[in-house]
Amino acid sequence: MSHTVLQRLMPISGLVYDERNRTGQGGEMRVLLAHNNYSIAGGAEVFFHEIGRLLEEHGHEVAKFCCAEEGLSVRYAEHFPRIDHYGDGGLLAKAFRVPSVIYNNKAKARMAKVLNDFRPDIVHCFAIYGRLTPSILDAVRETGVPTVLSCNDYKHICPNYKLFHHGRVCMDCRGGRFYNAILNRCCHDDLAVSAVAALEAYAHQHMDVWRKNVVRFLFASRFMEERTHEFWGEGQVRTDILQNPFDASEHYVEPHAGDAILYFGRLIEEKGVKVLLDAARLCPEVPVVIVGDGPDAPKVEATASELPNVRFVGPAWGESLRRHMRAARAVVVPSLWHENFPYVILQAFAAGLPVIGARRGGIPELVAAGQHGWLFEPTKVVELAAIMQQVAKLPAEKIESIGSKAQNYVSVTFSDDAIYADLERIYAEVLKS
C-alpha cells in the first residue's frame, strides 16, 4: 500500500498500521459487513452471516450494518436505518419512496456514523440495492476505506435482477439500454415498477456508484463474472470469485441409487418445473418426485395429478426432505434463467446424488466440474427426457460412483478452509492496492 493511502487511512482507524497488518497476514482486521436484511430470508442472508462467522472464527473483529428490524438487539442496531420496502403502501406512498429506493441519504448518514465508530479496515457489501442503496458505498469511499461487493444476482447490470422475463433469457439492457426494462415490462409485468427499475439503473449509471466505489466485485460463478464484463466492458472493473461456504456434513446421506428423479425447490416459472413435467410425460416409466412450494404450486399439482409417474409432495425440509433424497436416483435442476449458484446442487452432492442440470448460468460449472452429472438445454424437453431414461437404466454402482465423487467435491471445494483462503487472499490483495 502506498504511503499516501496509508496516511489517509490512519486517522480513520485510530491504529498504527504497517504493511503486515494491512494485508491481514499478521494481524486482526476490522471488517464491516453490509446487507439489506439481518434476519435470514434466503440464501443471500445465509451467505452474509456465514462470511461473518468465518472471519470471527479466524480472529477478526466483525460488525454488521443492515436495515432496522423489530426486536433486533445486535451491535450498532441503534444506527440501522428504518427503511420500508418499495412495494409497501399505496400508489402515493410508492411514488414518494422512489428517490430513496435509488439513493437513500438516511442510510448513507447512518453508515457514516457506524464507520466513524467502528473504523473498519475493509467493508464487504452484499445485497444493498433498493433499501440501503449504493449511497452507503459513497459513505465508505469518503472515508478512504476500500469496499468489496459480493453480487448474488444480476441487479448491478439488470433492472429486474434475473436476465430473464416472460419465459425467456434477456440481455436487452446490455450497453446501458435500460429503457428496454420498460418496453419489456420485465419487473413483475408491471409498467410502473419496470419504469422505476429503469430509472434506478440510469441514475446509478450516471452517478457511477458501482464502479467508482467498489474496489473488487465478487461472484460465486464465472458466468456472472463474464456477463458483468460483457455488460460493462472488459477491464472496466476488477473481479474475483468468492463462493459460498457450505457444511456438507449437515446434508450427508450415504451414496445410494434410489428410483426417482427428484426436484426440490421453489415452484416458479424461471425454475423450469414445466419443462420437467413435459419431459416426464415423454418417459412414463421414470418416476419423478417434486418437492417445493411457490406461485406455480397449484398448476404443478394439477399437472402432476394427470401423470401416473409424477408425485407432487409440496414443501419439505430437514429429515422429511432427506427421506426423499434417500429414495432418489438423481436430482434435476431444470432452470430456465441463468441461476448463479444453486444451493440445491450442493445439497444434492452432499447427499451423494448426481445432478441433471440445465445449461444455464453457473449450473454447468458445478455439474461438469469433475463430472458430477449430466447437462441439457433447458428448452429441449426431448433431451431432458432422454437423459432421465438414461439415468434410470444406469447400474446402481455407476450412480453411486458419480454421487460419491460429487460428495467429495462439495466437501472439499466449499469447506470453511477453502472459502476462507479465498476470502483472506482477496482482502489482502485489496488492502495492498
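Throughout, numbering of the chain's residues begins at 1 and tracks the sequence. Only a predicted model underlies this, so the values are computations on that prediction, with no experimental measurement involved. All values below were derived from every heavy atom in this structure, side-chain atoms included, with hydrogens, water molecules and symmetry-related copies excluded.
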Tell me if the [atom1] atom of [X] is crowded by more than 12 foreign heavy atoms within 6.0 Å.
X	atom1	value
Arg238	CZ	no
His166	NE2	yes
His58	NE2	yes
Arg322	CZ	yes

* Asked: According to the interplanar angle, ranging from 0 to 90°, do the rings of Tyr38 and Phe80 count as parallel (below 30°), tilted (30 to 60°) or perpendicular (above 60°)?
  -> tilted

Which heavy atom of [X] sits nearest a heavy atom of [Y], and at what distance?
X	Y	result
Ala107	Ser135	CB-OG, 4.2 Å
Val291	Leu321	CG1-CD1, 4.3 Å
Ile241	Ile426	O-CD1, 3.8 Å
Gly258	Arg329	O-NH1, 2.9 Å
Ala328	Leu353	O-CD2, 3.5 Å
Asn213	Thr147	O-CB, 3.7 Å

Residue set satisfying side chain to side chain donor-acceptor pair (under 3.5 Å) with Arg326, at least two apart, ordered chain then number -> Glu319

Side chain of [X], backbone of [Y]: donor and acceptor closer than 3.5 Å?
X	Y	value
Asp296	Lys299	no
Asp190	Ala192	yes
Glu400	His256	no
Gln371	Ala368	yes
Asp422	Leu242	no
Tyr263	Val331	no
Thr133	Tyr129	no
Ser415	Val412	yes
Ser401	Glu397	no
Glu365	Arg222	yes

Does any part of the side chain of [Y], heavy atoms only, come nearer than 4.5 Å to the side chain of [X], both counted from C-beta?
X	Y	answer
Glu270	Lys162	yes
Pro159	Glu200	no
Asn180	Cys173	yes
Phe65	Ile128	no
Val391	Trp374	yes
Arg53	Glu57	yes
Ile40	Val46	yes
Phe164	His338	no

**Request:** For the residue pair Ser249 and Asp247, confirm or rule out a side-chain donor-acceptor distance under 3.5 Å.
**Result:** yes

Asp153 and Asn340: side chain donor to acceptor below 3.5 Å: no

Hey, is [X] close enough to [Y] for a salt bridge, meaning N to O under 4.0 Å?
X	Y	answer
Asp208	Lys212	no
Arg425	Asp240	yes
Glu339	Lys271	yes
Arg82	Glu70	yes
Glu429	Arg216	yes
Arg110	Glu78	no

Gap separating the [atom1] atom of [X] from the [atom2] atom of [Y], nearest 0.5 angstrom:
X	Y	atom1	atom2	answer
Ile363	Leu366	CD1	CG	8.5 Å
Lys106	Ile136	NZ	CD1	14.0 Å
Cys67	Asn36	SG	CG	4.5 Å
Leu32	Glu61	CG	CD	10.5 Å
Arg311	Ile290	CZ	CD1	11.0 Å
Glu234	Glu226	CD	CD	9.0 Å

The side chain to side chain contact (heavy atoms under 4.5 Å, CB included) partner of Pro81 among Asn105, Asn104, Leu132 is Leu132

Within the 6.0 Å centroid threshold, strictly below: [X] and [Y]:
X	Y	answer
His156	Phe219	yes
Phe341	Phe414	yes
Tyr154	Tyr161	no
His251	Phe246	yes

Would you sort out whether Asn309 and Arg281 count as a side chain to side chain donor-acceptor pair (under 3.5 Å), showing the intermediate values?
CA-CA 8 Å; Asn309 59 322; Arg281 195 184 299 274; over 6 Å; no

Ring pair (Phe, Tyr, Trp, His ring centres under 6.0 Å) test vs Phe217 passes for just one of Trp232, Phe126, Trp210, namely Trp232

Does [Y] have [X] sitting over its ring (NZ/CZ under 6.0 Å from centre, angle to axis within 45°)?
X	Y	answer
Arg360	Trp337	no
Lys64	Phe48	yes
Arg177	Tyr179	no

Could you please spell out the steps behind the side chain to side chain donor-acceptor pair (under 3.5 Å) verdict for Asp121 and Tyr427?
CA-CA 10 Å; Asp121 296 310; Tyr427 284 3; over 6 Å; no

_For His35 and Glu45: C-alpha separation, side-chain torsions, deciding distance, then whether side chain to side chain donor-acceptor pair (under 3.5 Å) applies._
CA-CA 8 Å; His35 182 63; Glu45 288 75 39; 2.8 Å; yes

Query - Residue pair Ile122, Val148: steps toward the side chain to side chain contact (heavy atoms under 4.5 Å, CB included) verdict - result: CA-CA 8 Å; Ile122 191 168; Val148 299; 4.3 Å; yes

